[in-house]
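Only one structure is covered here, and it is reproduced in the block below.
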There are 2 protein chains.
Amino acid sequence: MSLFPQQLDLLVRRIEVRAPLSETERGVLARAFDPQLVTTGARRDLVREGDRPTRSTLLLRGFAVRYRVLDNGRRQITALHVPGDFIDLQSFPLRLMDHSVGTLTECVTATAPHASLQRILETSPRLTLILWTLTILDSAVHREWIVAMGAMQAIEHAAHLICEIYLRLKVVGLAEHNRFPLPVTQADLADTLGISAVHVNRVLQELRKAELIRFENGVVEILDWEGLAKTGQFDDKHLHLGNEDDATAQRLPA
Amino acid sequence: MSLFPQQLDLLVRRIEVRAPLSETERGVLARAFDPQLVTTGARRDLVREGDRPTRSTLLLRGFAVRYRVLDNGRRQITALHVPGDFIDLQSFPLRLMDHSVGTLTECVTATAPHASLQRILETSPRLTLILWTLTILDSAVHREWIVAMGAMQAIEHAAHLICEIYLRLKVVGLAEHNRFPLPVTQADLADTLGISAVHVNRVLQELRKAELIRFENGVVEILDWEGLAKTGQFDDKHLHLGNEDDATAQRLPA
DNA sequence: CGTCAGATTGAGCAGCTTCAACGTATGTGG
DNA sequence: CCACATACGTTGAAGCTGCTCAATCTGACG
């Protein structure tokens, strides 16, 4: 009645960037999930705006996005999720989904009933803080996206996004050196960056011409990290990859 | 050694939109704050990017903004805070500030030492969930801003923002019927909406010409709520103003 | 081989920017 | 009390970024 260790591994890595987990805690976390995994095809919804989920979903394999569709038909992606991310942990404290989550690729997910999270809340302050922190990291990324959308040009924004995804994938061991999967179409990028698909195409061409990246068949290769980070004015501070940032490690030793 | 009830009132109202608080809980919350309040002048920083606060700040009076300044000198505001909002509750789980918070007007604040929040985390699952929920509401607003920035025109975005601020002020009793203070300059709005101050001016003129709002001397009057909400494609779902949205009320009765 | 999703290109256009000037209210020192 | 400074709002004009529309190209797949 619990997740296998290797299935929990990506989440554990994300957490342990900041705070070590004890064996007991890993066990509690593993038992919070339903043992059976769910596989969902590409381009399907995992949760829909208006839903009131009774369980939260952890992404184990594949890429997913949070999005909203406006009256005018435009879709805006508000978050891009990679393996190891909870895609709707916020539905535990706040049940009503105010946005949808859809898959980009085929995805494998594990689900944790809210009742299990409730138990963690009532019995483990440390794990509670860890879960809370995960939602706060989402927030920090959201803010960074607002900055990028509001104050950067399209090409800078695109460079910024690529830097962010690269580091996030690296944390969970899914990026090789300067190379990582990004299985999204230019239309998806358009809905993420808030620009048209045509313009995405031109921006990507510029990034290629500047020899900052290659991007073919859903794989990004970063040719010049320095240049890319500079173009995107990228600073990894908001990803909080250093363990001295975090209260869990300092105030609640494992 | 605790905040006066009326000083806590705005926060309590925000919380009780979704979940009732017991007298005991109010007491615990009140005692989490330092008794003395702090007054900060207009256009000063309350917290700075790079800081590692040891206490979290509750805004009692005045308006404040979260923001980041880019290399190119552009300032992007990522959140606008009104009385009753925590401006840096996330610094409890994640110490390093990845953005700054500044005042727009003179502000009165109360501070809660992280040690007090720690005590709440260790002793009161229900209050912990409530605090967690407050940070998650910030997240929901962030996502809505991403949608507005990415998929709306400037005039729609502006209308959307005004709708949002109006409802948030109403919750804490700071908006009269269709009328509320918005002590920001057009340059502030520019940094919020991610457009130039000149264009803000033109957008406001359009909103006035369409007889949707008046906006003089830092006071907004909504002349046509329906029209404004339609223009801004505004839906209050993401503000989670209904108590059936929330887990606290349902699973952890006071 | 035809079909389809996705990428690419060109051309004209719209939204928003920048620069610069000017208006208006408020405050301040002489 | 006036001269001047300062902050904020308003207006016009020119230009750039990114959009829309439409056509073409490419590769995968049945």
Side-chain angles (χ1 to χ4, degrees), chain A residues 41-44 63 70 72-76 102-106 148-161 181-210 213-220 231-232, chain B residues 41-44 63 70 72-76 102-106 148-161 181-210 213-220 231-232:
Chain A
R43 315 247 156 218
R44 306 228 167 286
F63 284 70
L70 296 184
N72 59 27
R74 283 190 69 157
R75 175 180 73 151
Q76 179 64 46
T103 62
L104 292 176
T105 61
E106 180 174 285
M149 306 203 81
M152 290 186 195
Q153 311 248 87
I155 188 167
E156 301 171 311
H157 190 178
H160 189 280
L161 179 69
L182 187 63
V184 304
T185 66
Q186 295 186 355
D188 293 328
L189 281 178
D191 292 346
T192 306
L193 300 173
I195 62 180
S196 70
V198 170
H199 202 57
V200 166
N201 186 282
R202 288 170 177 143
V203 160
L204 289 176
Q205 285 181 52
E206 276 195 74
L207 289 174
R208 281 192 276 248
K209 205 167 61 189
I213 62 162
R214 263 207 283 267
F215 180 26
E216 286 163 2
N217 304 317
V219 174
V220 172
T231 301
Chain B
R43 315 245 155 221
R44 306 228 166 287
F63 285 70
L70 295 185
N72 59 28
R74 282 190 70 159
R75 175 180 72 151
Q76 179 64 46
T103 62
L104 292 177
T105 62
E106 181 175 285
M149 306 203 81
M152 290 186 195
Q153 310 247 87
I155 188 168
E156 301 170 311
H157 190 177
H160 190 279
L161 180 68
L182 188 63
V184 303
T185 65
Q186 293 186 356
D188 293 327
L189 281 177
D191 291 346
T192 307
L193 299 174
I195 62 180
S196 69
V198 170
H199 201 58
V200 167
N201 185 283
R202 288 170 177 144
V203 159
L204 289 176
Q205 285 181 52
E206 276 195 75
L207 289 174
R208 282 192 276 249
K209 204 167 63 189
I213 62 161
R214 262 208 284 267
F215 180 26
E216 286 163 1
N217 303 317
V219 175
V220 172
T231 301

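Throughout, protein chains are lettered first and strands after them, A, B, ... in sequence-line order, and every chain is numbered starting at 1.
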Run the side-chain contact (heavy atoms from CB on, under 4.5 Å) check on B:Phe215 and B:Leu204 step by step: do they pass?
CA-CA 8 Å; B:Phe215 180 26; B:Leu204 289 176; 3.9 Å; yes
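Here the side chains of B:Asp188 and B:Arg75 are in contact, with some heavy-atom distance below 4.5 Å. At least one side-chain heavy atom of A:Arg43 sits under 4.5 Å from a side-chain heavy atom of A:Leu104. Side-chain contact check for B:Leu161 versus B:Leu189: some heavy-atom pair is nearer than 4.5 Å. Annotation: side chain of A:Leu70 is in contact with side chain of B:Met152 (closest heavy-atom distance under 4.5 Å).
Between B:Leu193 atom CG and C:dC16 atom C1' there is a gap of 13 Å when expressed in whole angstrom units. Atom-to-atom, CZ of A:Phe215 to C1' of C:dG6 comes out at 11 Å; the value is rounded to the nearest Å. One atom, CG of A:Asn72, and another, P of D:dC19, lie 13 Å apart when rounded to the nearest Å. The distance between atom CD of A:Gln153 and atom C1' of D:dC16, rounded to the nearest whole Å, is 9 Å. For the pair B:Glu156 CD and C:dC16 C1', the interatomic distance rounds to 14 Å; values are reported in whole Å. Protein atom CD of A:Glu206 is 14 Å distant from nucleotide atom P of C:dT8, rounded to whole Å. Nucleotide C:dT26 holds its C1' atom 12 Å from the CG atom of B:Asn217, rounded to whole Å. Taking atom CZ of residue A:Arg43 and atom P of nucleotide C:dC4, one finds them 18 Å apart after rounding to whole Å.
At least one donor-acceptor pair under 3.5 Å links the side chain of B:Asn72 to the backbone N or O of B:Arg74.
The residue B:Ser196 sits close to a base: some heavy atom pair falls under 4.0 Å. In this structure, B:Ala154 reaches the sugar-phosphate backbone alone: every heavy-atom distance under 4.0 Å involves primed, P, OP1 or OP2 atoms, never a base. At the heavy-atom level, A:Arg208 lies under 4.0 Å from the strands shown only through sugar-phosphate atoms.
A close approach under 4.0 Å does occur between a side-chain nitrogen or oxygen of B:Gln205 and OP1 or OP2 of D:dT11. For A:Arg202, no side-chain nitrogen or oxygen approaches OP1 or OP2 of C:dA11 to under 4.0 Å. The phosphate of D:dT10 (OP1 or OP2) has a side-chain N or O of B:Asn201 nearer than 4.0 angstrom.
Under the rule for a side chain to side chain donor-acceptor pair (under 3.5 Å), the partners of B:Gln186 that lie at least two apart in sequence or sit in another chain are B:Asn201.
Closest to the side chain of A:Ile195, from the set D:dG12, C:dA7, D:dG18, is D:dG18. Of the candidates D:dT10, C:dC16, D:dC19, C:dC16 carries the atom nearest the B:His199 side chain, counting heavy atoms from C-beta on. With C:dG6, C:dG15, C:dG10 as the candidates, the nucleotide lying closest to the side chain of A:Thr185 is C:dG6.
Between the axis at the start and the axis at the end of the helix from C:dC1-D:dG30 to C:dG30-D:dC1 there is an angle of 30°, using five pairs per end and rounding to 10 degrees.
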